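These notes are about the structure you will find just below.
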There are 2 protein chains.
Amino acid sequence: MRGPTIYDVATAAGVATSTVSRAFSTPSRVGAATREHVLAVAEQLGYRPNPHARALLSDHHYTVAMVVSDITNPHYFELIRGAEMRAKASEYTLVLVNAEESAHIELEQIQRLLPSVDGFVLAASRLPDENLAHLAEQRPVVLVSRELPGLPCALLDHVDGCRQIVQHLDSLGHRHLVYLAGPRSSWMATTRWSALRTAAEDAGMRADRVGPFTPKVAQGGLAADAALGTGATAFVAHNDLLAIGVLQRLQQRSVGVPADVSVVGFDDIFAADLCTPRLTTLGGAHADVGRAAVEILLKAAVRGTAGGPPVRVVLPTELRLRESTGPVR
Amino acid sequence: MRGPTIYDVATAAGVATSTVSRAFSTPSRVGAATREHVLAVAEQLGYRPNPHARALLSDHHYTVAMVVSDITNPHYFELIRGAEMRAKASEYTLVLVNAEESAHIELEQIQRLLPSVDGFVLAASRLPDENLAHLAEQRPVVLVSRELPGLPCALLDHVDGCRQIVQHLDSLGHRHLVYLAGPRSSWMATTRWSALRTAAEDAGMRADRVGPFTPKVAQGGLAADAALGTGATAFVAHNDLLAIGVLQRLQQRSVGVPADVSVVGFDDIFAADLCTPRLTTLGGAHADVGRAAVEILLKAAVRGTAGGPPVRVVLPTELRLRESTGPVR
DNA sequence: ACAACTGTGGCAAGGGGTTGTCAAAAGTTG
DNA sequence: CAACTTTTGACAACCCCTTGCCACAGTTGT
């Protein structure tokens, strides 16, 4: 079912198609009376400009794509929500793509969307740097939870967050922590580990690492067992999902939390406040990150690739203290 | 940055543009050798057909829109995930829209996308029947968690689910339940209430209703207080979010669950298995609902509106028994 | 050897808009 | 009232691709 075209409006209004077009896009080039008349006729006919015809000419699509590494992770919901809201606010459409933790799928989907979106928000992209750089030459790209010199990004301040975590653990008397690492291709996993290690070093605390693990509840058992093997008194899991799995395994093995070990997660997903014991976790305004990412992208899409150095939005994190951490035994 | 066009390929290959086009879309209309050659040249140039130019001609967009009434609700994530996967499998793009519980926004967004998508999946649409019917005349529509004679839909079998809930409560000795209702414009709220009432009647159980409530955790306090006022021993909340809020309020008021009252939710969101006490809730394969909805839509988009009566996919529900329900005091 | 096919590939129109160019209409000035 | 400036609107090309129609070359049949 096709709607009325600019021709229909032109005929009905008794003017040329170009006049109709200009009545919408270049009001100054059309007489006020004519313009009113055209607009009225268009309104009455229910005319809506065809976005494809427009895009064909301008290569402007009023659409942004958001690619997430794993849509299954509840943490992304907030991010997606923020992005969706920001896009809608500017009358942009948000296309959602799930990369299923695969660089291959991610790249393929991006290629497919390349000609029909104005830019990409890549959340926790698993793509190698070269691919990202190459992509950025073709369309504006904003990274989320990842950094690459030269590209704009939006993320939470995990370096400071890791410092908060270590400080918190330190104040509880912990002298030995272990990081339950995320996937090898995850930039975040690398960043968190290095930030934790640095902070631990500064505090004179020992820091070990086990993993990598796929950050899902189901992997928590494996991660917990590996972490117990290190003898650490504090477990810092790559994210809340993994942390919750760890909690479950520890309960199964009758290891008290926080009596025997303390557990910390990342993301502060909804469930972190409901599990038992409630999870101490590094939270932040994820929706704002999504919002910021789209915002940067829209600006870039309008201005073109020009402009100064790429924007880098870093939002603060805050440690949400709950019952999964306590003084060392 | 614009990619190579069919003209570039034609020139490079020394053939007419129509030949290039046919080499891709109508292989039988082109000689095998020519075709190979064209394909090779296109590949080498990195040619990708422009989807807009295509859409302009065919009104076929390889895109479906999914509109959810409230993207904040974790329950939708499964649905979105299933829909995204199914769309991707057929090389379709999924556009995500959040209606923010507003029929007005919902309609506006739909209008905006009308010319550029092949169809709509409307999840828990708040739109009045007339709007839906009118929309369905313009584009294929599949409803989720809602029914309207004449339109295809995908949903969980809540009528049977409510029966399971009542049966479960009955077997625990409950003689009086109360339904903590969802929003007035929610078809699901109406359906659940009527199914619960019928099932309760059959079991000789008294059924009350309080509400409506916005189904969020924050509303749980209000809902719990209202429900306590009825004297019922079993609370059936419109969804898990509301149920979790109820649980929190009951704990606050020192009402034992399940010692004093039993609580049941709907959806079986991830958090339902983690809260305290763990929530008995009516679960189902929500991702499969999303998958099915897109599947129906794609079939409709290909076949046109023709075909027999609209498809109606009803997936089974199952009551997940946990600790929030128990024998009546 | 000629007619009748069949398989290929080219031409050109069209899908819905935008926009540079230009002519006609309207308004201004002396 | 002529000469000139400013509005206003029409024409046509272009964005990229698809497709109906036609022409041509090569086959086959008689």
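So that the names make sense, note that chain A is the first sequence line, chain B the second, and so on, each numbered from 1. Keep in mind the model is a prediction, meaning the values are calculated, not measured.
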Exercise for the section: Using whole Å, report how far CZ of Arg48(B) lies from P of dC17(D). Expected result: 12 Å

Exercise for the section: Answer yes or no: does a side-chain N or O of Arg54(B) lie under 4.0 Å from OP1 or OP2 of dT18(D)? Expected result: yes

Fill in the blank from the handout: When rounded to whole Å, the CG to C1' distance for the pair Asp59(A) and dT18(C) reads 14 Å

Exercise for the section: Decide salt bridge (Lys or Arg N to Asp or Glu O under 4.0 Å) for Glu84(A) and Arg81(A); before the verdict, give the C-alpha distance in whole Å, the side-chain angles of both, and the deciding distance to 0.1 Å. Expected result: CA-CA 5 Å; Glu84(A) 199 277 341; Arg81(A) 190 166 70 84; over 6 Å; no

Practice task
Describe the nucleic acid contact of Arg35(A) in one word from base, sugar-phosphate, nothing, applying a heavy-atom distance below 4.0 Å.
Solution key: nothing

Practice task
Starting from P on dG14(C), measure out to CD1 on Ile6(A) and report it in whole angstrom.
Solution key: 18 Å

Exercise for the section: Quick one: label Tyr47(B) by what it contacts on the DNA or RNA (base, sugar-phosphate, nothing), any heavy atom closer than 4.0 Å. Expected result: sugar-phosphate

Exercise for the section: Return the orientation label for the His52(A) and His52(B) ring planes: parallel under 30°, perpendicular over 60°, tilted otherwise. Expected result: tilted

Problem - Whole-Å gap separating C1' (dC16(D)) and NE2 (His61(A)) - result: 12 Å

Problem - Any Thr34(A) side-chain nitrogen or oxygen under 4.0 Å from OP1 or OP2 of dG9(D) - result: yes

Problem - Strand DNA chain C in bracket notation, Watson-Crick/G-U under 3.5 Å with | for pairs to another chain - result: ||||||||||||||||||||||||||||||

Exercise for the section: For Val15(B), report the nucleic acid contact type (base, sugar-phosphate, nothing); a contact means any heavy atom under 4.0 Å. Expected result: sugar-phosphate

Practice task
Identify which one of Val294(A), Asp118(A), Thr63(A) satisfies the side-chain contact (heavy atoms from CB on, under 4.5 Å) criterion when paired with Tyr92(A).
Solution key: Asp118(A)

Practice task
Please report, rounded to the nearest Å, how far the C1' atom of dC15(D) is from the CG atom of Leu56(B).
Solution key: 9 Å

Problem - Gln111(A), CD atom: more than 12 neighbouring heavy atoms under 6.0 Å - result: yes

Problem - Closest-nucleotide ordering on DNA chain C, the 5'-leading residue of Ser18(B) and Ser25(A) - result: Ser18(B)

Completion exercise
Interatomic distance, OG@Ser69(B) vs CZ@Arg146(B), rounded to 0.5 Å, equals 11.0 Å

Handout entry: Side chain Arg22(B) and base dG10(C) donor-acceptor under 3.5 Å
Key = yes

Exercise for the section: Apply side-chain hydrogen bond (donor to acceptor under 3.5 Å, both in side chains) to the pair Tyr62(B) and Ser90(B), showing each step before the final yes or no. Expected result: CA-CA 9 Å; Tyr62(B) 299 95; Ser90(B) 291; over 6 Å; no

Practice task
Take the protein atom NE2 of His52(B) and the nucleotide atom C1' of dT18(C), then report the distance between them rounded to whole Å.
Solution key: 16 Å

Exercise for the section: Using only side-chain N and O atoms of Ser21(A), determine if any of them is under 4.0 Å from OP1 or OP2 of dT18(C). Expected result: yes

Problem - Residue Leu57(A), side-chain heavy atoms: nucleotide from dG17(C), dC17(D), dG9(C) that is nearest - result: dG17(C)

Practice task
Compare side-chain N and O positions of Ser58(B) against OP1 and OP2 of dT18(D) and report whether any pair is under 4.0 Å apart.
Solution key: no

Handout entry: Rounded distance (Å) that lies between atom C1' of dT18(C) and atom OH of Tyr7(A)
Key = 10 Å

Problem - Minimum-distance pair of heavy atoms, taken over all atoms of Ala65(A) and Leu113(A) - result: CB-CD1, 4.0 Å

Handout entry: Heavy-atom closest pair, residues Leu94(B) and Ala87(B)
Key = CB-CB, 4.4 Å

Practice task
Would you kindly give the NE2-to-P distance between His60(A) and dT19(C), to the nearest whole Å?
Solution key: 13 Å

Completion exercise
The residue, Thr17(B) or Ala53(A), whose nearest nucleotide of DNA chain C is more 5′ is Thr17(B)

